[in-house]
**Q** 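Pasting a structure below so you can have a look.
Below, chains carry the letters A, B, ... as their sequence lines are ordered, and counting in each starts from 1.
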Number of protein chains: 2
Amino acid sequence: MKKGRVTIKDIARELNIAPSTVSRALNDHPAIKKETKEAVKALAEKLDYQPNLLALNLLQKKSNTIGVIVPEITGHFFSAIITGVQDVIVHSEYNIMICLSNESYEEELTIVKRLSKIQIDGVLVSPSSETKNFDHFKKLQKSGIPIVVFDRDCPGLEADKVLVDDYFGAFQAVEYLIGIGCNRIAHLGGPLNLSTTEHRLQGYLDALHKNKVAVNDQYVVHVSGFSHEEVELATKELLNNNELPDAIFAYSDNLAISAMHTAKELGLQIPGQISIVGFDDEPHSAFITPALSTVWQPVYSMGMLSARILLSHLKNPNTPPEYRKEVFKPELVIRASSKENKLVSED
Amino acid sequence: MKKGRVTIKDIARELNIAPSTVSRALNDHPAIKKETKEAVKALAEKLDYQPNLLALNLLQKKSNTIGVIVPEITGHFFSAIITGVQDVIVHSEYNIMICLSNESYEEELTIVKRLSKIQIDGVLVSPSSETKNFDHFKKLQKSGIPIVVFDRDCPGLEADKVLVDDYFGAFQAVEYLIGIGCNRIAHLGGPLNLSTTEHRLQGYLDALHKNKVAVNDQYVVHVSGFSHEEVELATKELLNNNELPDAIFAYSDNLAISAMHTAKELGLQIPGQISIVGFDDEPHSAFITPALSTVWQPVYSMGMLSARILLSHLKNPNTPPEYRKEVFKPELVIRASSKENKLVSED
DNA sequence: AAAGTGCATGCAAAGGTTTGCATTGCCAAA
DNA sequence: TTTGGCAATGCAAACCTTTGCATGCACTTT
C-alpha cells in the first residue's frame, strides 16, 4: 500500500510494465496486446484507480470546465436557463462553473479574469445591467475561448447568440392593450444599457405608432436597478401624471408585480382602472391576484440550446468564426391583470 | 513572441535568470533582491503573465474548487443560499461549482463521483429528497474532503451542519393556528426521507398534543415529489375528508400555494373557511392573494455561514474532526391567508 | 591568507498523464 | 543468412510551477 491515491505508475510497477503501456491499455490503444489490456484493466479496477484529471488538464492546457456568467439566480428566469444548460452539459465531459455578477460590471470583470486564469474552455454569458463595454469578453475570445451570449445581447461583440425577440413580444403585448381599448399606455422600462430594455421599448413605441396612439414621454420611465424601492419610485412617477395611464407594460414580471403592489396601495383597481402586463412569465405570476398577463419565453430551451452551441464549438475548435444567432419567439399570455373594459368608458 | 501564453520560463529566459527565481520574485520570497523582484514584476506586467493554475493544481493535488450540491435552483430557497455562499467564496481563492441533483439520488451519486474525480477541495450539500443512504458522502470524507451539510440534514453523517429549527418553526405555526381557533388542522407534508419533513411533522404533532387538540391521521398527507399534479392530488385527499379541515399547515410555500389554488378551485374561502400557512417565505408569497402566512428562514445567512465554515476547514486541514452544528431560528410571518375568525364559529 | 558568514540565485525533482519516436524480438521473404 | 516488416512495448519529453538543497560570491573575522 502506498500513501496517496493510486496512479498509473503504481499499476505499471505492479505489472512490471511501463506507465505508457498502462496509459495506452486504459485508453484501448490498438497497439496493445489483448492480454495486457485485460491485466491492466483488472488491476485498475481492483485498486480503484481514478485518473488524475488535474494532470490531464495541465497536459491538455484546458480545464474541461465551462463558465456560466449570469447577473443573478434568485429569479426564475436565469435559474431556469441554468437548469437547461446543466441538463445538457451534464451529459458531456465538461464541468460547469456558475458565476454571479450581481448586476455589477466590476464583479463581471473579476469573474472573467478568474475564468481566464483557470483556463476555462468556453463561456456562456448574459451581461450585467451595468455593462456597456464588452472588451473583457473580446479578450477572452482572442485567447481562443468560445463565447455564447444569451438573453441579453452584447452589441458589437461577435459571438454566438441565443436571444428572444423582445421587440416582437413587446409589440404583441402593447398592441393587445390597444386592442382592448387602452390609449394611455405607460411603459415601466428596465435598466437602459440592456439590449432587452431597448428592444422592448422599441416594440412598445412601434406598436403605439402603428396604431396611431399618441406617444407621451411622461409615460415612459426606466429603472436603473431592480430593487423594490427603485421600482416603487418609478411606478409612482408614472402614476403621478396628471393624466393617469390606463395601462402599464412593464419590462419584467417582477417590475410588474412591484408596480401592481404600488398601484393597489394608491387605491387603484386592477384591471378596472389600470391594466398591467409583464414580461417573463415567472411561475408565481399566475398565482398573484389578479393573475398577471405577461409574455412567456422558452427559458429552459434557451439554456439547452446555448449549451449545445457552445459544446459544438468545443468539439470543433478549428471551425472558422461563423456565428449562429438564434432568436426565440415569445408568446403573450393573457390573464386577469388586463381586461377588455375600456371600450365602454371610451366614448 | 512565442506561440502560447506567457510562462514563468519566458520571463526567466528574457531576464537571464532561473525560473525558480522568477517564481520566488513573483511570490515575494524574502531571499530575492529588491531589484530582481522589480524587474521580474515589471516584465510580468508587460507580458501580461498569467500564472497557470492548472500546473499549480497538479502540484498541490487540489483543484481550488468547492462543490455545492443542491436539489434544484428554480425556487428562491436554494438560489438565495447559493447567493450567500457565492458572496463569501468570491473573496477567497476558491472557485465554486454548483451541481443540481434534480432531487434524484442517482444524479447525486454521479455528481459526487465527478467532484471526486476533479479533486474537489470541499463540498456543501443539501441532499436530494430521494437520498436515504449517505455512503457516497462518507466516502468523500474518507478521502479527506470536508463536507458541510445545510438545510436538509443527513442523519448518521458526521459533518458540519447548518440547519434550521424546523421543529420550532412548525410548532410556532401550528400553535398559532390553534390560537386563532382552528382545531381541525391538516398537514401537507413533504417527501418522507427529508429531515425537514420529519421535523416539521413532529413540530406539528407536538403542538397539537401540547394544546390537547386531537390528532387525526386523515389530516396528514405527504407528497413524494414537488410536481404540481402531485401536490394537487395530495391536497384533494385532505379536502375530501368528510370533516373538512379548517387549516392546512404546509411543508413549504410552494406546496401551500398549490394547495391554495386547489382549495380555491373547490370553491373554498381562504381564510374564511380554511386557513393556510406555508414554510420558507418565498418572496412572491407576499404578493399572492390572500398573502400567505408562512415561516421565514434566514436563507442568505445560512449560505454565508455554511461557506465560512467550509473555508475555515480548508484553512486548517489538520484540525481534528470537531463538527459544528448551527441551528437557525425561523420566524412566523402572519399574513392574510390565516385569520382569527374561528373563535366565533367555535361554540 | 584562510576560514567563516550570509545573501542571492540556480539546480533538479516532483506532481500524473499522454504521445512521438525508438527499441526489441520474432517471423517471413529473399 | 540477411533483410524487411510488424507487433508490442519502453523511453523520455512535455505541460508549468514550487521548493529543498546546493552553489557561488563577497565580505568580515581571526
Side-chain angles (χ1 to χ4, degrees), chain A residues 2-41 43-44 47-65 93 116-121 143-144, chain B residues 2-41 43-44 47-65 93 116-121 143-144:
Chain A
K2 285 260 317 256
K3 35 188 175 171
R5 54 197 277 162
V6 182
T7 78
I8 229 170
K9 289 183 185 171
D10 298 327
I11 299 182
R13 199 178 320 111
E14 190 101 356
L15 258 39
N16 270 321
I17 55 179
S20 49
T21 307
V22 176
S23 170
R24 281 187 260 251
L26 255 18
N27 293 321
D28 265 334
H29 193 284
I32 302 295
K33 223 189 336 187
K34 206 175 166 190
E35 300 100 72
T36 314
K37 279 186 191 171
E38 281 164 3
V40 168
K41 286 181 180 172
L43 188 58
L47 261 42
D48 190 29
Y49 165 74
Q50 301 273 24
N52 186 330
L53 296 188
L54 265 32
L56 202 55
N57 287 348
L58 174 59
L59 196 62
Q60 298 177 165
K61 299 180 170 195
K62 48 180 277 199
S63 59
N64 272 300
T65 302
E93 76 268 32
S116 153
K117 259 195 197 146
I118 64 166
Q119 251 113 317
I120 205 84
D121 294 345
S143 60
Chain B
K2 283 261 316 256
K3 37 189 173 170
R5 55 196 277 165
V6 182
T7 79
I8 229 170
K9 287 184 189 171
D10 298 327
I11 300 181
R13 200 177 321 110
E14 190 103 353
L15 258 41
N16 272 320
I17 54 179
S20 50
T21 307
V22 177
S23 169
R24 280 187 262 251
L26 255 18
N27 293 322
D28 265 331
H29 193 284
I32 301 294
K33 222 188 339 184
K34 206 175 165 192
E35 303 99 70
T36 314
K37 277 186 193 173
E38 280 163 5
V40 167
K41 285 181 182 173
L43 187 59
L47 263 41
D48 190 28
Y49 166 73
Q50 300 274 25
N52 186 329
L53 296 187
L54 265 32
L56 201 56
N57 288 346
L58 174 59
L59 198 61
Q60 299 176 167
K61 296 180 172 197
K62 47 180 278 203
S63 60
N64 273 298
T65 302
E93 77 268 32
S116 154
K117 259 196 194 145
I118 65 164
Q119 250 114 315
I120 204 86
D121 295 342
S143 59

**Q** Heavy-atom distance under 4.5 Å between the side chains of Leu43(A) and Tyr49(A), does that happen here?
**A** no
**Q** Are OP1 or OP2 of dA8(C) and a side-chain N or O of Lys37(B) less than 4.0 angstrom apart?
**A**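 False: Lys37(B) side-chain N/O out of range (4.0 Å or more) of dA8(C) OP1/OP2.
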**Q** Which part of the nucleic acid, if any, lies within reach of Asn27(B) when heavy atoms closer than 4.0 Å are counted: base, sugar-phosphate only, or nothing?
**A**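 Counting heavy atoms under 4.0 Å across all strands, the contact made by Asn27(B) is with sugar-phosphate only.
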**Q** Does the side-chain contact (heavy atoms from CB on, under 4.5 Å) test come out yes or no for Val22(A) and Ile17(A), once each step is laid out?
**A** CA-CA 7 Å; Val22(A) 176; Ile17(A) 55 179; 3.7 Å; yes
**Q** Would you mind reading off the distance between Leu53(A) atom CG and dG15(C) atom C1', rounded to a whole angstrom?
**A**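 After rounding, the reported distance stands at 14 Å.
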**Q** Specify the separation, in whole Å, of atom NE2 of His29(A) and atom P of dG10(D).
**A** 14 Å
**Q** Between dC11(D) atom P and Arg13(A) atom CZ, what is the distance in whole Å?
**A**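 One finds 14 Å between P of dC11(D) and CZ of Arg13(A), rounded.
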**Q** For dT9(D), take OP1 and OP2 only and decide whether either is under 4.0 Å from a side-chain N or O of Ser20(A).
**A** no
**Q** Taking the side chain of Leu59(B) as its heavy atoms from C-beta onward, which of dG15(C), dT17(C), dT9(D) lies nearest to it?
**A**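 Selected nucleotide (nearest to the side chain): dG15(C).
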**Q** Return the value, rounded to whole Å, for the distance between atom CG of Asp28(B) and atom P of dT9(C).
**A** 13 Å
**Q** Tell me which nucleotide among dT9(C), dT17(C), dT9(D) gets nearest to the side chain of Ile32(B).
**A**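 Shortest atom-to-atom distance from the side chain points to dT9(C).
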**Q** Considering just the side-chain nitrogens and oxygens of Lys62(A), establish if one lies under 4.0 Å of OP1 or OP2 belonging to dC15(D).
**A** no
**Q** Relative to the 5' end of DNA chain C, which residue comes earlier, Ala55(B) or Lys33(B), by the nucleotide with the nearest heavy atom?
**A** Lys33(B)
**Q** Can you identify which nucleotide, out of dT17(C), dT17(D), dA12(C), has its nearest atom closest to the Asn52(A) side chain?
**A**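 Side chain of Asn52(A) sits closest to dT17(C).
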**Q** Kindly say whether, by distance alone, the side chain of Thr7(B) makes a donor-acceptor pair under 3.5 Å with the base of dC16(D)?
**A**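 When only heavy-atom distances are counted, Thr7(B) does not reach the base of dC16(D) through any donor-acceptor pair under 3.5 Å.
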**Q** For Gln119(B), is there any backbone N or O sitting under 3.5 Å from a side-chain donor or acceptor partner on Lys61(B)?
**A** no
**Q** Rounding to an integer number of Å, can you tell me how far Glu35(A) CD sits from dA8(D) P?
**A** 9 Å
**Q** May I have the distance from Leu58(B) (atom CG) to dT17(C) (atom P), rounded to whole angstrom?
**A** 9 Å
**Q** Could you go through the side-chain contact (heavy atoms from CB on, under 4.5 Å) check for Asn52(A) and Thr7(A) one step at a time?
**A** CA-CA 8 Å; Asn52(A) 186 330; Thr7(A) 78; over 6 Å; no
**Q** Would you say that Asp48(A) contacts Val6(A) through its side chain, given a criterion of any heavy-atom pair below 4.5 Å between the two side chains?
**A** no
**Q** According to a strict under-4.0 Å criterion, is Tyr49(A) in side-chain N/O contact with OP1 or OP2 of dT17(C)?
**A**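 Tyr49(A) to dT17(C) OP1/OP2: side-chain N or O found under 4.0 Å.
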**Q** Among dT18(C), dC15(D), dT9(D), which nucleotide sits nearest the side chain of Thr36(A)?
**A** dT9(D)
**Q** Just the rounded figure in Å: distance from P of dT17(D) to CD1 of Ile8(B).
**A** 5 Å
**Q** Ignoring backbone atoms, test whether Thr21(A) places a side-chain nitrogen or oxygen under 4.0 Å from the OP1 or OP2 oxygen of dG10(D).
**A** yes
**Q** Roughly how many Å is it from CG in Asn16(A) to P in dT9(D), rounded to a whole number?
**A** 13 Å
**Q** Just compare dT17(D), dT17(C), dT9(C) and give me whichever is closest to any side-chain atom of Leu56(B).
**A**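 In terms of side-chain proximity for Leu56(B), the closest of dT17(D), dT17(C), dT9(C) is dT17(D).
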**Q** Are any of the side-chain nitrogens in Asp10(B) or Arg5(B) under 4.0 Å away from the carboxylate oxygens of its partner?
**A** no
**Q** Ile17(A) near the nucleic acid: base, sugar-phosphate alone, or nothing, with a heavy-atom cut-off under 4.0 Å?
**A**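 Sugar-phosphate: the residue Ile17(A), judged by heavy atoms under 4.0 Å, touches backbone atoms but no base.
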**Q** Out of dC15(D), dT17(C), dC11(C), which nucleotide sits closest to the side chain of Arg24(B)?
**A**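 Among dC15(D), dT17(C), dC11(C), the one nearest the side chain of Arg24(B) is dC11(C).
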